[in-house]
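Below is one structure; the comments refer to it alone.
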Amino acid sequence: MSATKSDALVFFGATGDLAFKQIFPALQSMIRHGTLNVPIIGVAKAGWGVEQLRDRARESLEQHGGIDREAFSKLLALLRYVDGDYSDLATFRELKKQLGDAHHPLHYLAIPPSLFETVVANLAESGAATNARIVVEKPFGHDLASAQELNHTIHKYFPEPNVFRIDHYLGKEPVQNLLYFRFANSFLEPIWNRNYIRSVQITMAEIFGVQGRGAFYDATGAIRDVIQNHMLQLTAMLAMDPPMEHTHEGMRSEKSRVLKAVKPLASDVVVRGQFKGYHDEPGVAPDSSVETFAAVRLNINSWRWSGVPFLIRAGKCLPVTATEVLVELKRPPHDVFTEHPPASPNYYRFRLSPNVVIALGARSKLPGEEMKGEDVELILLEEAGKDVPPYERLLGDAMHGDPERFAREDTVEAAWRIVDPILGNAVPVFEYEPGTWGPSQADQLTPYKNGWHVLEPSSA
Ligand code: BG6
């Protein structure tokens with residue numbers, strides 16, 4: 001793989017929501033950190049000129065992170081704009097012209113997946129795909145077949161080492177730390193298996209609803225929006241075997257291997273929910289049965305994990321905004337102190353957002369005559385969730401041709417293979433009250449009495 005640094009950054013969807021919320025702040029930050037000094041070309045069909053794109057950048061930064069005067073003026077100087085239809089080759093000829101002397105551009109497709117094929121074909125036809133890299137937003141396809149088709153289409157024009165499938169969770173510092181913590185310490189590995197772990201829970205809870213993204217969300221739903229990608233990537237990081245060495249393909253191969261061992265989901269291990277009032281959201285069909293909550297129980301068919309339930313749930317309009325992993329250990333083999341109710345199991349807790357915590361849950365004796373205990377938590381790490389914004393980190397990686405924190409073709413397909421049987425209306429959708437933990441039917445997925453772990457709001 002060539003490690004040539006990309007010499008231009010092109011972003012399609014320049015007037016869209018993602019550019020507004022994530023890309024402009026990432027670009028300014030990269031400039032501030034001295035990692036971006038090449039032409040930046042926005043492409044969209046809005047009837048705009050570069051001045052309007054500059055205004056949009058200003059507005060974006062005023063609302064997301066603030067303007068850094070020096071970096072922002074540099075951003076304005078680097079910014080160019082091409083307006084036109086994605087199905088019109090003339091748009092891409094103009095882009096090629098704007099690329100000028102750049103011979104290794106990075107094309108970032110921050111656009112709906114339905115447009116990918118047209119855009120990559122026109123990039124190739126205009127010559128703008130030559131020696132170029134491409135960054136593709138999630139969801140990558142809408143099921144296994146479409147993901148395979150999309151991979152096939154992209155590979156007609158871009159070889160795999162030049163394809164970067166973004167999952168911004170992989171760019172998050174606490175997610176990277178999860179991987180680091182697992183493999184940089186020796187105390188976890190001996191217990192990190194079916195002999196000691198009784199269940200793994202991952203919860204991604206959001207207190208808010210669809211935030212004006214009704215049309216996108218109603219064509220997507222929680223399973224495609226976050227389970228197939230963010231949650232399964234986290235699962236892979238928690239369950240993968242240690243790589244032989246720290247090479248990007250070493251890491252990616254282990255992740256892919258473990259996802260290939262996950263049994264595709266059957267309808268009896270999935271619960272879908274929809275918050276009350278979802279139908280009133282702009283862009284949502286009045287009779288929509290799309291889920292805003294999903295809970296699933298995974299089984300990994302491997303020597304390490306066989307029989308250990310991996311429970312994942314994600315939803316909108318839940319009681320808190322937080323992402324947390326709870327790895328519950330088996331109880332001591334013999335209950336020496338016969339406590340009533342029985343003592344809680346030990347656990348590792350990884351809070352990934354909005355604050356960051358790594359904690360170990362244990363039992364300790366309460367002072368007094370009786371051999372009775374209480375739950376205590378040893379906090380190994382606790383910090384406010386300050387971070388290099390994931391888009392800054394990931395765009396920087398892609399410009400350097402480093403694929404480690406991007407999803408490889410086989411991993412994306414393995415993840416689709418897991419959720420494929422339960423997409424659409426394969427299982428019913430249950431209504432839930434906003435501000436609750438989703439439909440009560442989800443409780444039946446947990447095999448143990450203590451049920452789903454309750455996430456506390458962030459105090460940071
Ligand atoms: C996106 C989903 O990928 O991730 C959104 O489309 C979700 O629905 C978001 O809200 C959550 O990401 P973060 O980084 O804000 O936790």
Side-chain angles (χ1 to χ4, degrees), residues 13 16-23 25-26 29 63-65 108-113 135-142 164-178 202-235 237 272-275 278 281-284 288 290-294 312-325 350-357 384-395 405-407 412 415 419 434 438 455 457-458 460:
D17 196 52
L18 187 70
F20 192 75
K21 289 187 182 148
Q22 303 280 5
I23 302 174
S29 202
Q63 290 181 32
H64 300 281
Y108 176 13
L109 309 194
I111 51 175
V135 177
V136 192
E137 261 302 326
K138 60 150 273 270
F140 190 85
H142 57 268
F164 296 80
R165 298 172 193 81
I166 261 197
D167 180 322
H168 79 279
Y169 254 60
L170 297 183
K172 286 179 181 252
E173 182 62 30
V175 174
Q176 289 295 308
N177 193 23
L178 186 64
I202 310 175
T203 301
M204 176 184 178
E206 293 177 317
I207 204 164
F208 47 84
V210 293
Q211 295 185 307
R213 297 158 75 220
F216 160 79
Y217 201 85
D218 209 39
T220 310
I223 295 173
R224 289 185 171 100
D225 187 35
V226 298
I227 302 261
Q228 185 273 341
N229 35 74
H230 305 331
M231 295 298 99
L232 286 179
Q233 288 286 344
L234 278 184
T235 305
M237 287 185 172
R272 296 195 308 135
Q274 187 185 79
F275 67 79
Y278 175 66
E281 297 280 342
V284 169
S288 169
V290 163
E291 76 283 352
T292 59
F293 170 97
I312 300 177
R313 75 188 156 154
K316 305 274 185 198
C317 288
L318 300 190
V320 294
T321 295
T323 300
E324 197 161 287
V325 173
F350 299 92
R351 172 88 153 200
L352 303 176
S353 77
N355 54 327
V356 181
V357 176
K386 279 207 208 88
D387 191 357
V388 177
Y391 278 90
E392 175 177 356
R393 174 175 279 151
L394 294 173
L395 283 178
R405 289 184 275 229
F406 293 85
V412 170
V419 299
L455 277 70
S458 163

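Just so you know, ligand 1 is whichever comes first in the structure, and atom 1 is the first atom listed for that ligand.
Heavy-atom contacts of Lys316 reach the following atoms of ligand 1: 5 (C), 7 (C), 8 (O), 10 (O) (cutoff under 4.0 Å). Ligand-side atoms of ligand 1 in range of Met204: 11 (C), range being under 4.0 angstrom from any heavy atom. Under a 4.0 Å criterion applied to the non-hydrogen atoms of His230, ligand 1 contributes the atoms 1 (C), 3 (O), 4 (O). Every atom of ligand 1 with a heavy atom of Arg213 under 4.0 Å away is listed here by number and element: 2 (C), 5 (C), 6 (O), 8 (O).
The protein non-hydrogen atom at the shortest distance from atom 6 (O) of ligand 1 is Asp225 OD1, 2.6 Å. Of all protein heavy atoms, the one closest to atom 12 (O) of ligand 1 is His168 NE2, 3.1 Å. Counting protein heavy atoms only, atom 11 (C) of ligand 1 is closest to Glu206 OE2, 3.4 Å.
Note: no N/O pair closer than 3.5 Å links Ser353 and ligand 1 by distance alone. Considering backbone and side-chain atoms together, Tyr217 places no N or O closer than 3.5 Å to any N or O of ligand 1.
Between Ile23 and Ala110, the shortest heavy-atom contact is CD1-CB, 3.8 Å. Across all non-hydrogen atoms, the minimal contact from Val356 to Pro174 is CG2-CG, 3.7 Å. Smallest separation of non-hydrogen atoms from Ala314 and Val226: CB-CG2, 3.6 Å.
Of the listed residues (Lys138, Gln22, Lys172), the one carrying the non-hydrogen atom nearest atom 14 (O) of ligand 1 is Lys172.
Under the 3.5 Å distance criterion, the side-chain polar atoms of Thr323 are left unmatched by any main-chain donor or acceptor of Ser353.
For atom 8 (O) of ligand 1, a protein heavy-atom neighbour is present inside the 4.0 Å cut-off.
Ring-plane geometry between His168 and His230 is classed as perpendicular, the angle between the planes exceeding 60 degrees on a 0 to 90 degree scale with a lower cut at 30.
Taking the charged nitrogens against the carboxylate oxygens, Arg405 and Asp167 have no contact shorter than 4.0 Å, which rules out a salt bridge.
Taking OH of Tyr169 as the reference point, atom CE of Met237 lies at 11.5 Å (rounded to 0.5 Å).
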With a 3.5 Å cut-off and sequence neighbours excluded, list the donor-acceptor pairs that the side chains of residues 212-221 form with protein atoms.
| unit_1 | atom_1 | unit_2 | atom_2 | d |
| --- | --- | --- | --- | --- |
| Tyr217 | OH | Ala222 | N | 3.3 |
| Asp218 | OD1 | Tyr278 | OH | 2.6 |
| Asp218 | OD1 | Ser288 | OG | 2.6 |
| Asp218 | OD2 | Ala285 | N | 3.0 |
| Thr220 | OG1 | Phe216 | O | 2.6 |

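Using a non-hydrogen distance threshold of 4.0 Å, Gln211 does not register as a contact of ligand 1.
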